[in-house]
Amino acid sequence: MEKNQEFTVTIEDMSEDGSGIGKLDGYIWFIKDTVIGDQVRAKAMKMKKSYGFARLMEVITPSAFRTEPRCPAARPCGGCQLQAMKYEEQLAFKERKIKNNLMRIGGFKEEEIPMFPIIGMEDPWRYRNKAQFPFGMNKNGEIITGFYAGRTHDIIENEDCLLGVQENRGILEIIKAFMKEYRIRPYDEKSHQGLVRHALIRKGFKSSEIMVCLVINGKRLPHGEELVKRLSAVSGMTSISYSINEEKTNVIMGKEIVNLYGPGYITDSISDVTYQISPLSFYQVNPVQTEKLYGTALEYAGLTGKETVWDLYCGIGTISLFLAQKAKKVYGVEIVPQAIEDARRNARLNGMENVEFFVGKAEEVLPEQYEKNQIYADVIVVDPPRKGCDQMCLDTILKMRPERVVYVSCDSATLARDLRYLVDGGYEVKKVRGCDMFPQGGHCETVVKLERVKRK
Ligand code: SAH
């Protein structure tokens, strides 16, 4: 096979990131935008020793799992990977992925994995409470906004992403018209010229409060008062600000925020817990599923009101505050100091006095507290980033011997590795359940309940 050569293949499997996989004479092809069961014509693009990447040219026989993507930009846009797959099939795919990783990487036998049905969404669209739209210019010199194409920073024009809220479109129209009228140029990455880089829009799903934060390549926003006048007329508009980012960087938000209108944050709640969210705060992007995910974590923690609980990798304390409603005491640990500031503020906001937060690495704070201060735990909850838990952290958990460990994971491969370690150290996997936080996308969260094996 040579570059640009076309071939016909049947898609048999799907990669971690949602690309279809087809095999030809033992050679593996990754083909984006295909679905398991499709027979396709594809064009060879890039080839390695044992695998290559090909471009979908034509679906010859569509898979029974295939559906027409709802979004016209589904293919070029880098946002969604699975839109061409029926939603039930997406869920089945994600559940299989979790199970396969536990077997392949964790070395668990199928009968050792107590899988509970994946938690999907009733309506898997418009679930995101946050969007960051880049601004740019098209060939005709018109201001455009939308999303980056996969792998590049070309802007795919799209003001109505179907994962985002309906209000985004009107807000973007206002910003674009404002820029045009006052001749404010969008930022150009190549020349590092122009002012408006991104618009961050957030909406509290329960509160209906809306926040807009413009990210600019400059220290001030000319005619900001006029933009405020127009945006504040949008129903629900609560906070308008801009963020200064003059760096040549892919990082979207700048560190400094200048407030133009409102209190500088919006308020929202998940279940009975209220949160204040400022432009730089981390906050889960799918609030409907977050409530279900953390509800499951809470259920698996099995709290009666007497327990001491540690929430490691606690972020802004979303899980900690959930747990604090049912526990005697909750300790949270998180590496980002601003997140802990948010966590402490949110605890106060909810009148919760039985939570305490530590800034630091879980793998340092936990052993330190255990060895120096003889703290202990009935339950430990972990929600680490994709790379999973540090071994030092797992070792300390094994030394502390809590009754239960609840593992919330955004990557089932590292989850599988860590579960094996905990199981070899004296724990038993009691429940495994997927929760789909990112419908149409490739990622999936998993919650696992582990119990300490009682010595006979
Ligand atoms: N449960 C949290 C989100 C967890 S995401 C919430 O709902 O807000 C994982 C978190 O782990 C991130 O906030 C990240 O900053 C933090 N983190 C990454 N490495 C860490 C480490 N070594 N120790 C403690 N926290 C860490």
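Numbers here are sequence positions counted from 1. Just follow the structure's listing: the first ligand is 1, and inside any ligand the first atom is 1. Source: prediction; values computed, not measured.
- Ranking protein heavy atoms by distance to atom 21 (C) of ligand 1, first place goes to Y313 CE2, 3.6 Å.
- Annotation: W310 is not in aromatic contact with Y376 [ring centroid separation under 6.0 Å not met].
- Listed by number with element, the atoms of ligand 1 under 4.0 Å from a non-hydrogen atom of I316 are 8 (O).
- Residues in residues 189-199 take part in no salt bridge (Lys or Arg N to Asp or Glu O under 4.0 Å) pair, two or more places apart or across chains.
- At the shortest separation from atom 6 (C) of ligand 1 among protein heavy atoms lies T318 OG1, 3.4 Å.
- Taking the six-membered ring where the residue is Trp, F147 and F133 present tilted rings, their angle falling between 30° and 60°.
- Residue, atom and distance of the protein heavy atom nearest to atom 25 (N) of ligand 1 are I335 N, 3.3 Å.
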Quick one: do L394 and D390 satisfy side chain to side chain contact (heavy atoms under 4.5 Å, CB included)? Show the steps, please. CA-CA 7 Å; L394 296 175; D390 189 274; over 6 Å; no
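- In summary, the atoms of ligand 1 found under 4.0 Å from a heavy atom of C314, numbered by their order in the structure, are 1 (N), 2 (C), 6 (C), 8 (O).
- Taking the centre of each ring, H192 and Y187 come in below the 6.0 Å mark.
- In this structure, atom 22 (N) of ligand 1 lies nearest to the protein heavy atom E363 OE1, 3.1 Å.
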Residue pair K32, L56: steps toward the side chain to side chain contact (heavy atoms under 4.5 Å, CB included) verdict: CA-CA 7 Å; K32 223 172 106 4; L56 171 66; over 6 Å; no
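- For G360, the heavy-atom gap to ligand 1 drops under 4.0 angstrom.
- Considering backbone and side-chain atoms together, A362 places an N or O closer than 3.5 Å to an N or O of ligand 1.
- Polar contact check, K387 against ligand 1: no nitrogen or oxygen pair lies under 3.5 Å apart.
- Annotation: Y294 places an N or O atom under 3.5 Å from an N or O atom of ligand 1; distance criterion only.
- Every atom of ligand 1 is numbered from 1 in the order shown, and the set under 4.0 Å from a heavy atom of V336 is 15 (O).
- Which parts of ligand 1 touch Q284 is read off a 4.0 Å heavy-atom cut-off, strictly below it: atoms 7 (O).
- Residue P385 has at least one heavy-atom neighbour below 4.0 Å for each of these atoms of ligand 1: 9 (C), 11 (O), 18 (C), 19 (N).
- Scanning the protein heavy atoms around atom 9 (C) of ligand 1, the nearest turns out to be D383 O, 3.3 Å.
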Pair Y294, Q284 - check side chain to side chain contact (heavy atoms under 4.5 Å, CB included), show working. CA-CA 11 Å; Y294 292 170; Q284 293 281 357; 2.7 Å; yes
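- Of the protein's non-hydrogen atoms, E334 OE1, 3.5 Å is the one closest to atom 12 (C) of ligand 1.
- Formation of a donor-acceptor pair under 3.5 Å by the N286 side chain with backbone atoms of R128 is not found in this model.
- The aromatic rings of H443 and F438 sit perpendicular, their planes meeting at an angle over 60°, well past the 30° parallel limit.
- Figure legend: cation-pi geometry between R420 and F108, with NZ or CZ positioned under 6.0 Å from the six-membered ring centre and within 45° of its axis.
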